[in-house]
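A short worksheet on the structure shown next.
Not measured: the values here are computed from a predicted model. Hydrogens, waters and symmetry mates are skipped; everything else that's a heavy atom, side chains included, is used. Start at 1 and go down the list; that is how both ligands and their atoms are numbered.
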Amino acid sequence: MTTIEVAGEPYRVGNIFCVARNYVAHAKEMGSQILAEPVVFIKPTSALLLEGAPIRLPSWSKDVHHEAELVVLIGEGGKDIQVADALTHVAAYALGLDLTARDVQAEAKKTGMPWTLAKGFDGAAVLSRFVPASALPAPSETSFDFYINGERRQHAETRDMAFDVATLIAWISSRFTLQAGDLIYTGTPEGVGPIRAGEQLRLTMGELIDARFDVV
Ligand code: MG
């Protein structure tokens, strides 16, 4: 069980929804395209890794990739949430890494098997500290960056999302009941690539977030 605290309020993390293919340039680099509806998968809560903990790469993959993403913490659950109300359901935002065993995922794609192992291993859902939603009133007008050993590898302008945060909340809640404590990883921009033991990773969003992680 992982509990996240935002402005003194504890949230026990529930379902971890992740959106694939939400930035056109990343979909292209993966040889896929954006569809009419979001592609959503789920990670287990055992995959969570909070800022301060080291990232340990799984022994059974030779190609674990970083996918830097804006992460939404749901503060108030709901079903069939309307786009216009959706942002009022957000408690906080963080940056995260949707770590992906790309070799295992490629094999799964080839054989039509689920992505669970490639996306759900221990430590595969990396999270920075959260900032209250009030600090980011317009999540579609922000940007964030990801660095390895001080070198920038990914840059996102959230206005480039195919499905913005409000649309994602509305769509996910039309198919699943959203609950307080659920997380939504909102997809990664282009520039994904491998991480290796010994590297230092960094996620930044302006003045709001600056998170560092050691890969061991
Ligand atoms: Mg992703």
Side-chain angles (χ1 to χ4, degrees), residues 13 15-35 37-51 55 57-58 61 63-74 93-109 113-128 130 139-140 142-148 152-165 167-169 171-172 175-176 182-195 201-205 209 211 213 215:
V13 177
N15 292 327
I16 306 172
F17 297 98
C18 303
V19 180
R21 305 179 195 174
N22 202 20
Y23 291 82
V24 175
H26 170 63
K28 208 173 277 178
E29 76 181 348
M30 297 304 297
S32 50
Q33 54 194 16
I34 308 276
L35 305 175
E37 290 184 292
V39 175
V40 172
F41 61 93
I42 284 179
K43 293 190 191 236
T45 52
S46 49
L48 284 172
L49 185 144
L50 303 185
E51 192 176 346
I55 294 173
L57 298 173
S61 171
D63 196 27
V64 174
H65 279 201
H66 55 82
E67 294 191 358
E69 311 197 358
L70 177 70
V71 182
V72 174
L73 171 66
I74 297 296
Y93 296 95
L95 292 178
L97 294 172
D98 163 18
L99 293 185
T100 304
R102 196 67 78 199
D103 46 356
V104 177
Q105 185 195 35
E107 194 58 34
K109 282 183 173 175
M113 300 298 273
W115 295 0
T116 313
L117 182 58
K119 294 278 200 179
F121 56 89
D122 286 1
V126 174
L127 280 177
S128 75
F130 279 81
S140 293
T142 190
S143 61
F144 59 88
D145 294 285
F146 170 74
Y147 302 82
I148 297 180
R152 189 165 80 170
R153 299 296 180 87
Q154 288 191 275
H155 171 76
E157 295 288 336
T158 55
R159 76 173 78 92
D160 293 337
M161 285 183 182
F163 306 100
D164 65 15
V165 169
T167 302
L168 290 174
I169 290 170
W171 190 88
I172 291 171
R175 301 294 195 274
F176 307 88
D182 285 353
L183 298 177
I184 303 172
Y185 281 69
T186 60
T188 197
E190 72 275 23
V192 301
I195 57 171
L201 315 184
R202 184 177 177 205
L203 287 163
T204 64
M205 183 164 59
I209 294 173
F213 302 88
V215 187

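Among pairs with a residue in residues 19-34, none fulfils salt bridge (charged side-chain N to carboxylate O under 4.0 Å, His left out), at least two apart in sequence or across chains.
Taking the charged nitrogens against the carboxylate oxygens, Arg152 and Asp145 do have a contact shorter than 4.0 Å, which makes a salt bridge.
Across all their heavy atoms, Pro44 and Ile16 have their closest contact at O-CD1, 3.6 Å.
Distance alone, capped at 3.5 Å, is enough to place a donor-acceptor pair between the Asn22 side chain and the Ala162 backbone. Here the side chain of Lys119 pairs no donor or acceptor atom with the backbone of Lys43 at under 3.5 angstrom.
To the nearest 0.5 Å, atom CZ of residue Arg175 and atom CD of residue Glu37 are 5.0 Å apart.
If you count the protein N, O or S atoms nearer to the Mg ion (ligand 1) than 2.8 Å, you get 3.
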